[in-house]
Number of protein chains: 2
Amino acid sequence: MKKSSLYKGCLEPILLRLLKDNGRMYGYQMTQMVKEITKGELNITEGALYPLLHKLEEQGVVETETEMNGNRMRKYYSLTKAGKKQTALAMDEMKAFMQSLEFIVNPKPVVG
Amino acid sequence: MKKSSLYKGCLEPILLRLLKDNGRMYGYQMTQMVKEITKGELNITEGALYPLLHKLEEQGVVETETEMNGNRMRKYYSLTKAGKKQTALAMDEMKAFMQSLEFIVNPKPVVG
DNA sequence: TTTTATGCATAATTTTCTTATGTATACAAA
DNA sequence: TTTGTATACATAAGAAAATTATGCATAAAA
């Protein structure tokens, strides 16, 4: 099993969290920030990132502004009002998920 | 996004952990234990469980003993020696994964 | 001038799961 | 008595979510 396969299914809430914390980000920036935060453990691939961002835009979760940085384009994403609501829900789910994982990976001994 | 999609990619290490803690288990028992531990949050489907157990057996990670309980069959799984090694590695990866998730979902404020 | 980094995008494929279906035993409820 | 629920296995078809590969383009470093 590939190490990073653990992250399968977590990409969307991770991106939502990044946008919630940082307000406005472009795709490449997200990949770099996650790489830094996870000390190189999670490298978001473009093939996963961009289609997901496009889907979130279609769903009205994020909105975009395209800007030029020198001669290079950057497409900035930020949460919509609906997106902020959805992010709050997603964070609750993440908490529950992480707690369940804790229970499984670090089970409390049954005190007899 | 479906709630349980967060668990994508985590099933294998979860099963390894169960076997590490409980020594010898049959498939249905695993589903029930996980359901209990996660307070109903994670319901492992048979379509995910059994093919994965079969794969682990092929790979020599687990070995099986089939027993009759009354008139009903139970196929007990336990970790092989190689499986125990792999489980140790998988648990290390899980720890790193969970810590990274913590960093993302609960970022430490930068103290200026 | 060739590699590495930045920055976007998409198609083909693979991995991993859900849903649906099948077989069979046991027990409780209607 | 037959209908639903629980136990217990198994597999096939399909969907979801990623990886890998490819493409375009600018910029800087080796």
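Within every chain, numbering begins at 1; the chains are lettered A, B, ... in the order of the sequence lines, protein sequences first and strands thereafter.
When the P atom of C:dG7 is taken as reference, atom CG of A:Asn43 falls 16 Å away, rounded to whole Å. One atom, CE of B:Met30, and another, P of D:dA8, lie 13 Å apart when rounded to the nearest Å. Computed from coordinates, the A:Phe97 CZ to C:dC17 P distance equals 11 Å when rounded to whole Å. Taking atom CG of residue A:Leu49 and atom P of nucleotide C:dT10, one finds them 12 Å apart after rounding to whole Å. Between the CG atom of B:Leu6 and the C1' atom of C:dC17 there is a distance of 13 Å, rounded to whole Å. What separates CE of B:Met68 from C1' of D:dC9 is a distance of 11 Å, to the nearest Å. Counting to the nearest Å, the P atom of C:dT16 and the CG atom of B:Leu15 are 13 Å from each other. Atom P of nucleotide C:dG22 and atom CE of B:Met73 are separated by 19 Å, given to the nearest angstrom.
Counting heavy atoms from C-beta on, the side chains of A:Leu15 and A:Ile44 come closer than 4.5 Å. Here the side chains of A:Met25 and A:Met33 are in contact, with some heavy-atom distance below 4.5 Å.
Phosphate proximity of D:dA18 to A:Tyr7: absent, as no side-chain N or O sits under 4.0 Å from OP1 or OP2. Considering only side-chain N and O atoms, B:Thr45 lies nowhere under 4.0 angstrom from the phosphate OP1 or OP2 of C:dC17.
Heavy-atom distances to DNA chain D give each of B:Tyr77 and B:Gln32 a nearest nucleotide, and the one nearer the 5′ end belongs to B:Gln32.
Summarising the geometry, atom CG belonging to A:Leu53 is positioned 12.0 Å from atom CD belonging to A:Glu58; distances are rounded to the nearest 0.5 Å. Within the model, atoms OH of B:Tyr77 and CG of B:Asn22 stand 16.0 Å from one another, a figure rounded to the nearest 0.5 Å. Expressed to the nearest 0.5 Å, how far CZ of A:Phe97 lies from CG of B:Leu42 amounts to 9.0 Å. Taking SG from A:Cys10 and CZ from A:Arg17, the interatomic distance works out to 14.0 Å, rounded to the nearest 0.5 Å. Taking CD of B:Gln59 as the reference point, atom NE2 of B:His54 lies at 13.0 Å (rounded to 0.5 Å).
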Collect all protein-nucleotide pairs involving nucleotides 24-27 of chain D in which both atoms are nitrogen or oxygen and the distance is under 3.5 Å.
residue: D:dT26; atom: O2; partner: A:Arg72; partner atom: NH1; Å: 2.9
residue: D:dA27; atom: OP1; partner: A:Asn71; partner atom: ND2; Å: 3.3
residue: D:dA27; atom: O4'; partner: A:Arg72; partner atom: NH1; Å: 3.1

I'd like a list of close polar pairs between nucleotides 11-16 of chain D and the protein, N/O only, cut-off under 3.5 Å.
residue: D:dT11; atom: OP2; partner: B:His54; partner atom: ND1; Å: 3.1

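Between A:Glu12 and A:Lys55 there is a salt bridge, since a side-chain N of the basic residue sits under 4.0 Å from a carboxylate O of the acidic one.
Nearest heavy-atom pair, A:Met94 versus A:Pro13, reported as atom, atom and distance to 0.1 Å: CG-CB, 3.7 Å.
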